[in-house]
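Taking it in order: structure first as structure tokens, then the write-up.
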2 protein chains.
Amino acid sequence: MQVKDYQIRAQIAKALAHPSRLLILDALQEHELCVCELTKLVGSDQSTVSKHLALLKNAGLIEDHKQGNNIYYRLLCPCISKFFTCLEEVVHQKIQKYQEAGKSASESACKCLRNSI
Amino acid sequence: MQVKDYQIRAQIAKALAHPSRLLILDALQEHELCVCELTKLVGSDQSTVSKHLALLKNAGLIEDHKQGNNIYYRLLCPCISKFFTCLEEVVHQKIQKYQEAGKSASESACKCLRNSI
DNA sequence: TGGCTATATGGTAAAATAGCCATATAACCA
DNA sequence: TGGTTATATGGCTATTTTACCATATAGCCA
């Protein structure tokens, strides 16, 4: 693979690398939602959510369509669920590793959390 | 899912969101490699590569073991290949979309690249 | 038309990230 | 022991990302 390819792939990965955007993608797995619904869900400023959506769209992960006064977003890439599964596996493995080291699962989750903040 | 869970998952996704780190993970799919080998491969400063590795390790994606004077890193999570497949699908879909819009694949690849830089 | 609602965009400040240099640490070898 | 190699870490700067506010745009409805 070429350097260029890794850059393209990194852009997509970057789009996945924010809690609010993961929440949005997760919600969109069920059915499409408009910006105002997603804004309520995420709990950030409407402009912030709008920018998250623009970023996801730009990465090719979602698409939008207008319906009256609203703009609805829907998942474009069904493989997202595979990605979530992958994340699950890592998290699970991480917790297991800490347990093996004699620590509790909650401790390890806390560590993950601290690192991610 | 809880907000906390999305934060943990975002940390893992963030670890994947850099061309050099994707290159490293890809290389480690074959077999384990020491830091000096990875440094040559990536072409950045040794300290930079070391920090990328620390980040990947912290995310739970790789682990290290010492052997003599070298430290070898190996992939901890075989599901990484699934993630790469997921990225492939998005990239492919993106290119297809541009082609449908009457543009060439190279144009779309360039656009991805520009956006990712 | 005027006002209301939904969404996107520009500006800006704060925080996070990336990269390099210098340096610390640890293992090996002569 | 002293020198060399491999790796990690602290410090610093430049860049990127994020979030909010203010505002622009567009569609709807009375």
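Just so it is clear: chains get the letters A, B, ... in the order the sequence lines come, proteins before strands, and each one is counted from 1. Computed from a prediction, not measured in an experiment: that's the story for all the values here. Atom set for the values below is all heavy atoms of this structure, side chains included, hydrogens, waters and symmetry mates excluded.
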query = Will you find, in the side chains of A:Q29 and A:D26, an N or O donor that is under 3.5 Å from an N or O acceptor?
reply = yes

A:L16 CG - D:dT18 C1' separation (whole Å) = 17 Å

note = Rounded to whole Å, the CD1-C1' distance (B:I62 to D:dA8) equals 13 Å

Nucleotide opposite D:dA30 in a Watson-Crick or G-U pair, distances under 3.5 Å = C:dT1

task = Would you kindly confirm whether B:L76 and B:I24 end up in one hydrophobic cluster when ILVMFWY residues are joined by side chain heavy atoms under 4.5 Å apart?
result = no

note = Sorted by number, residues from residues 30-40 of chain A placing a heavy atom under 4.0 Å from DNA chain D are none

inquiry  = I need the CD1-P distance between B:I71 and C:dC28, as an integer number of Å.
reply    = 12 Å

request  = Please answer: with hydrophobic residues joined when any side-chain heavy atoms are less than 4.5 Å apart, are A:L28 and A:Y72 in the same cluster?
outcome  = no

ask   = Which atom names give the shortest non-hydrogen contact between B:V35 and B:Q46, and what distance separates them?
value = CG1-NE2, 4.4 Å

message = Generate the contact string for nucleotides 25-30 of chain D. Rules: B means base contact, S means sugar-phosphate contact only, - means no protein heavy atom under 4.0 Å.
response = -SBS--

remark   = All heavy atoms of B:S20 vs all of B:V42, minimum pair found to be OG-CG1, 3.7 Å

request  = Provide, to the nearest angstrom, the distance between the NE2 atom belonging to B:H65 and the C1' atom belonging to C:dA26.
outcome  = 17 Å

message = Does B:N58 form a side chain to side chain donor-acceptor pair (under 3.5 Å) with B:Q11? I'd like the steps, not just the answer.
response = CA-CA 9 Å; B:N58 201 251; B:Q11 188 215 355; 3.3 Å; yes

task = Apply ring-ring contact (aromatic ring centres under 6.0 Å, His included) to A:Y73 and list each qualifying residue two or more places apart in sequence or on a separate chain.
result = none

query = Sub-3.5 Å donor-acceptor pair from the side chain of B:E30 to the main-chain atoms of B:A27, do we have one?
reply = no

message = Check A:E63 with A:K57, please: is the shortest side-chain N to carboxylate O separation under 4.0 Å?
response = no

ask   = Taking DNA chain D as the partner, which of residues 44-56 of chain B come within under 4.0 angstrom of it by heavy atom?
value = B:Q46, B:S47, B:S50, B:K51

task = Check every strand shown and say whether A:Y73 touches a base, only sugar-phosphate, or nothing at a heavy-atom separation below 4.0 Å.
result = sugar-phosphate

query = Nearest-Å distance, NZ (A:K14) to C1' (C:dT17)?
reply = 9 Å

task = List the atom of B:L16, the atom of B:I80, and the distance in Å for their closest heavy-atom pair.
result = CD2-CD1, 3.9 Å

task = Mind jotting down which residue pairs meet the ring pair (Phe, Tyr, Trp, His ring centres under 6.0 Å) criterion with at least one end in residues 4-60 of chain A? Sequence neighbours excluded, please.
result = A:H18-A:H52

task = Mark yes or no for whether B:R21, through its side chain, and B:L55, through its backbone, hold a donor-acceptor pair below 3.5 Å.
result = no

request  = Determine the minimum heavy-atom distance between A:V90 and B:C77, stating which atoms define it.
outcome  = CG2-SG, 3.5 Å

DNA chain D contacts among residues 20-29 of chain A, heavy-atom distance under 4.0 Å = A:R21

